[in-house]
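As structure tokens, the structure follows; a few thoughts come after it.
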Amino acid sequence: ERLVAELMRRAAAEGLDPLTYLPEGVDAVTEMNGLYWDRSVGASPNAVRAFFPQMSMLESLVAHYPDAHFILNVRDHTDWVRSVSEHNDMRMRLTAADLPGLPPGVGGQDDELI
């Protein structure tokens, strides 16, 4: 796996620092979430693997990296929803995923994402 979210999930599962498995020399991460179709053997055809460490691991990241800088991007909600809808199949993946505050099947309507 090279997806940052999966490397972080693996480290957390093993009780290690969240960024343990990132390649040597990496000193900045601009996109750490993962939201992709699960094509593993036995997975449902509509299964999505979703992990947003910036949400679920924020306290651990701050604890392990107290001098790190975290940047919060703020966007107009309507513009964000339009962007998600126009980005390949991201809307479908969000709707199929099981995310904190967004259970599977929710997200097909704009107001469910705002």
Side-chain angles (χ1 to χ4, degrees):
E1 288 287 340
R2 292 188 43 90
L3 190 61
V4 173
E6 290 301 328
L7 295 173
M8 292 177 73
R9 184 195 317 249
R10 180 175 147 210
E14 295 175 15
L16 301 172
D17 292 352
L19 303 180
T20 296
Y21 291 118
L22 266 60
E24 188 174 329
V26 171
D27 62 0
V29 176
T30 59
E31 179 100 18
M32 62 178 57
N33 52 284
L35 182 69
Y36 58 94
W37 298 109
D38 185 352
R39 300 297 184 223
S40 60
V41 175
S44 162
N46 295 324
V48 172
R49 290 197 44 101
F51 188 53
F52 287 70
Q54 65 271 37
M55 293 174 9
S56 60
M57 296 181 70
L58 184 59
E59 291 159 355
S60 178
L61 288 164
V62 170
H64 282 96
Y65 311 102
D67 296 324
H69 295 273
F70 297 88
I71 299 170
L72 173 64
N73 293 317
V74 179
R75 274 182 90 170
D76 175 80
H77 298 110
T78 304
D79 289 344
W80 179 80
V81 169
R82 184 174 46 252
S83 176
V84 164
S85 298
E86 293 173 356
H87 186 76
N88 298 320
D89 63 355
M90 184 178 287
R91 183 74 171 258
M92 290 173 53
R93 288 179 282 142
L94 277 172
T95 303
D98 187 6
L99 295 168
L102 190 68
V106 177
Q109 302 298 315
D110 289 359
D111 63 329
E112 294 175 334
L113 293 177
I114 296 177

Could you state the interatomic distance from [atom1] ([X]) to [atom2] ([Y]), rounded to the nearest 0.5 Å?
X	Y	atom1	atom2	value
Glu112	Ile114	CD	CD1	10.5 Å
Arg9	Leu3	CZ	CG	9.0 Å
Gln54	Met8	CD	CE	8.0 Å
Asn46	Thr95	CG	OG1	11.0 Å
Asn33	Ser56	CG	OG	10.5 Å
Leu22	Asp17	CG	CG	11.5 Å

Is there a donor-acceptor contact under 3.5 Å linking the side chains of Asp38 and Ser40? yes
Val4 and Glu31: CA distance, side-chain angles, deciding distance, side-chain contact (heavy atoms from CB on, under 4.5 Å) verdict: CA-CA 8 Å; Val4 173; Glu31 179 100 18; over 6 Å; no
Decide side-chain contact (heavy atoms from CB on, under 4.5 Å) for Arg91 and Val81; before the verdict, give the C-alpha distance in whole Å, the side-chain angles of both, and the deciding distance to 0.1 Å. CA-CA 9 Å; Arg91 183 74 171 258; Val81 169; 3.7 Å; yes
Considering all heavy atoms, the nearest [X]-[Y] contact:
X	Y	result
Gly34	Phe52	O-CE1, 4.2 Å
Ala50	Leu35	CB-CD1, 3.6 Å
Asp98	Pro104	OD1-CD, 3.5 Å
Met57	Ala12	CE-CB, 3.7 Å
Met32	Ala5	O-CB, 3.0 Å
Arg93	Tyr36	CD-CA, 4.1 Å

Between Leu94 and Val48, is a side-chain contact (heavy atoms from CB on, under 4.5 Å) present by the stated rule, with each step listed? CA-CA 8 Å; Leu94 277 172; Val48 172; over 6 Å; no
Counting heavy atoms not belonging to Glu14, are there more than 12 under 6.0 Å from its CD? yes
Test your reading of the model: is there a side-chain donor-acceptor pair from Arg2 to the backbone of Leu7, 3.5 Å cut-off? no
Any donor and acceptor pair, going by atom type alone, linking the side chain of His64 with main-chain N or O of Ser60 inside 3.5 Å? yes
Taking the side chain as C-beta and beyond, is there a heavy-atom pair between Phe70 and Leu58 under 4.5 Å? yes
Same cluster or not: [X] versus [Y], using hydrophobic residues (I, L, V, M, F, W, Y) connected whenever any side-chain heavy atoms lie under 4.5 Å apart?
X	Y	result
Met55	Leu19	no
Val106	Met90	yes
Tyr65	Leu16	yes
Tyr21	Leu61	yes

Once side chain to side chain donor-acceptor pair (under 3.5 Å) is applied, do any residues pair with Trp37, and if so which ones, sequence neighbours excluded? Asp89
